[in-house]
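Data block below; observations after.
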Amino acid sequence: MIEVRNIEKSYNGTVVVNIPELTIATGEAVGVVGNNGAGKTTLFRMVLDLIRPSKGEVYSKGTNVAKSEEWKDYTGSHLDEGFLIDYLTAEEYFKFIGDLHGLSDGDITERLLPFMDFFNDEILNQRKYIRDFSKGNQKKIGVAAAALSDPELLILDEPFANLDPSSQIRLKNLLRSLREQKRITLLISSHDLSHVIEVCERIVVMEKGQLVQDMQTNENTLSELETYFTV
Amino acid sequence: MLLTLLAHQWKANSRSPVFQKSLVLNIILALLILYFGAIFLFLGFNLDTILAKAYPKQSPIDIFNGALLFYFLIDLFFRFVMQELPVLAVQPYLHLPIPKQKLIHFVLLKSVPGIFNLLFLLIFVPFMLSAIIPEYGTGTALAWLFAAIALTLFNNFLLIYFKRQLSNKPMLTLLFGVGVAGLMLLDYAGAFSLYAVSRVVFGALLLQPWLVAVPVLLLAGVYVLNYNFLKAHTYPEELRVRENKQVEGKGIVFLNRFGELGKLIELELKLIWRHKRSKSVVTMSVIFLFYGFIFYGKDTYMDGFAMLIFVGIAMTGMPVFNYGQFVPGWQSAHFDALLTRRISPYQFYAAKFWIFVPTVVLVYILTLPYGVFGYKIILINTAAMLFNIGVNLFVVFYFSVYNKSRLDLSKSSAFNWQGVGASKFLMTLPLLVLPSLIYAPFGFMGVPYIGIATIGLLGLVGITFHKPLLQWTANRFVKHKYKLAAGFRQA
C-alpha cells in the first residue's frame, strides 16, 4: 500500500527524518512510536504530501504521492486541528467531507452511526463551531471525518491524545472493528504504548528521524518497548 | 467546488469571533464605511467639475489620466505595507480529494474582493459616468474602466507574487516608497514627467479602445505567473511567507544599566520586534509621520492654530495612541506569568513609560524638518510632544485597566479588528481633541502663543510628577488586575 523510498527531510542542514525504506502492506496496521522530535509527524506529513521531502519519494499503491493526487480518493487522515475547518459546525464539516466523496446525507448519518458511542452526545447537535470544541472533541471530529469516506488507508497522528479514558477505549474498539470489517490499512502514531500495541500488529520505533526497530506485536512487545524507552 | 470553497470563505469571515462579538464595533465600522464610501462617491461624481475649476485650461479627463500611473504606483506601495497574503486558509483542504489546481485558483481568486480592489471603483465608476461617457461614448468609457480594473487586479496579483518571493523586507518597501516619491519630485522639477506619460498612455486608450487588451494581457500574465509558482509550491511550509527563522538571542547591553526596569524594557522591545502585529504598529507610526504633508504649507491651515495642534498631537503621539491603546493587552498571552513573577505593577508601568518617552521624543525629532514650512510648526510640535508624554500617556494608562480583551499578536494590525472594542474609540478621540479644546479659549482671546505654552506647560507638569502618577496608575492596576487576567484567559 505504502512504500517509502530513501526519504529524507532536513531543515537548515539538520536532518529530521531519514528513512531508507519502509513498506506497509495492504491491510496492515502499523503503529509508529517514538519520543517527541523523533520525526513521526514529519513522516506522516510527507506520506500525505504536505511537506516536500528533501530527498526520496513516497509511493501509495505504486504512484508517487507528490506527482498524482489519486491517493486522496482512498486515504483518510487526521493529524492535528489544522485538518479541521474550524469555523464550520461539526455537521457542516461532515457534510462537506461527505460531498467530496459523493455521499448523500443518509450515507453520512449511516456511516457516523458506529461513532455515536465515541461521540458521547457531545459532537452532534451542539450548535457551535469546531473551534469552540475542546481539544478532545476536536480530535473526535477529525477522526470521524477521516473515517467517513470508508478509506482504504487511514492515517492518524496520536489519535488517543487528549481523549478521556472511556473515549480512548471506544476509539480502540472502533479502529479494531474497522480493520476486521473493512480490512483497511492503518498507520497511526501514539505515545500510549499499550493502546498502539492493541490496535496494531506491527510496531515501528523512530528515534532522531531514523527507524530503529521494526517488530511484529506479540505478548512481549509491551515489555520490550518499555525497556527500550526506559533511559 | 469553487463555489463551495467561496461559501466557506464567506462563513470564515462572517463567523470570525471578532466580527460576531462586538455589535457596537460593527456599527461604527459600517458608519465609517458608509461615510468614506459617500465621500468617495461624491468626489467621483464631482471630480470633473472640481478639476475644471482648479485647472480651467486643461480637460479634467487629461488631468485624471495623468494622475493614474501615480495612483497605481501609490496603490502598489500601500498594498506592500498593508495587504495580507491569502494563504493558509487552504491547509484544511490539502489532504482531501480536491484537485490542487482548484485550490490554487481559489487562493488567487479570493484575494479579488478585497477592500483595495473595491474602494477605487467608488471614484472611477462615477467619474466614468459623469465625465468620460459624455465625451467618448459608453463603449470607450467601458474599455477605459476595464483597463483600470485590470490594472488594479494586476497590482493585486503582482503584490501577492512579490510578497511571496521576497518575504517581508521592510527595506524594499521603503525603497519602493522612496522611488515613487522620487518620481513625483522629478515630475515637480520637470526633469521627467510620469504625468505626461500617464496622460499619453490613457489618452491613447480612449482614442483606441482596443488597447484595453494590453492591461488585460498584463493581468493574465501575472495571474499565470502566480498560478505556476503556487502550483510548484503547494506545501504549507513553503506557502507561508518566508521569514528569517534564525532567532538571535541577543540582549541589549545598554539597558542592563537600568536594572530590573531595563530588563522589562528589553522584554517589551523583544515583544514588539518579534510579533507581526506590534511590528506593523511601528510601521504605521512611521507612515503617519507623512501626515503633515496634507496640512503643512496650505494657507487655510497655516494661518490658524487649532488644526496644526491637532496634526502635531497626532504625529508625535501616534506611537502612544497606536501601541498604548492596547496596553496591557500586548502581554495578554503571558499575563498570568507576569502576575506571578517578582514584578511590581509600578515597575510594569514605569517600563512602559520609559519606552514611550524616547519613542515620542524620537518621533518629535523626525518631525522637526517640517519647520521649513514655518517655525510655528516646531513650537506647536514641541508643546504637543510634551503634552503627549505628560498628559496623554497617563490618560492612556488610566484607560488601560479596561482593556480586557486578549490580543492576537501573530496577525498584522492593518484592518485587524481583533481585540478592538468600542472603548478604544472613546479613548482615542479625547486624546486627539483635548489639546485643541485647551487651546480654544486662548485662540478666541487672541493670544494663541499663550495657548500653546499652556499645552506645553500641562505636559511639563505631568512629566515632573511622573512618579506619583505612575504610582497612581499602578494602584489602579492592582485593583483591576483580576478582571484583566480573567479577560486575557479567554481565547
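The sequence lines fix the lettering, A, B, ..., with proteins before strands; numbering per chain opens at 1.
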> Taking all non-hydrogen atoms of both residues, which atom of A:L88 and which atom of B:K11 are closest, and how far apart?
Replying inline: CD2-CD, 3.7 Å

> Looking only at heavy atoms, which two atoms of A:S77 and B:H95 are closest? And how far apart?
Replying inline: OG-CD2, 3.0 Å

Should we say atom [atom1] of [X] is surrounded by more than 12 heavy atoms from elsewhere, each under 6.0 Å from it?
X	atom1	value
A:K55	NZ	no
A:D164	CG	yes
A:K67	NZ	no
B:K481	NZ	yes

>> Checking the side chain of A:K72 only, and the main-chain atoms of B:L94 only, is there a donor and an acceptor separated by less than 3.5 Å?
In response: yes

> Counting only N and O atoms by type, is there a donor-acceptor contact under 3.5 Å from the side chain of A:E69 to the main-chain atoms of B:P97?
Replying inline: no

Which atoms of [X] come close to chain B, meaning under 4.5 Å heavy atom to heavy atom: side chain ones, backbone ones, both, or neither?
X	value
A:Y74	neither
A:H101	side chain
A:E70	neither

>> Only pairs of heavy atoms separated by less than 4.5 Å count here; which of A:D86, A:I97, A:D49, A:L84 has the most with chain B?
In response: A:D49

>> Tell me every residue that passes salt bridge (charged side-chain N to carboxylate O under 4.0 Å, His left out) with A:D150, counting only those two or more places apart in sequence or in another chain.
In response: A:R111, A:K182

> Residues in side chain to side chain contact (heavy atoms under 4.5 Å, CB included) with A:T185, at least two apart?
Replying inline: A:M1, A:I24, A:T26, A:L153

> Mind checking whether B:Y93 and A:F83 have ring centres under 6.0 Å apart?
Replying inline: no

> Does A:D99 reach the side chain of B:T4, with side-chain heavy atoms less than 4.5 Å apart?
Replying inline: no

> Which value, rounded to the nearest 0.5 Å, describes the distance between B:H8 atom NE2 and A:F96 atom CZ?
Replying inline: 5.0 Å

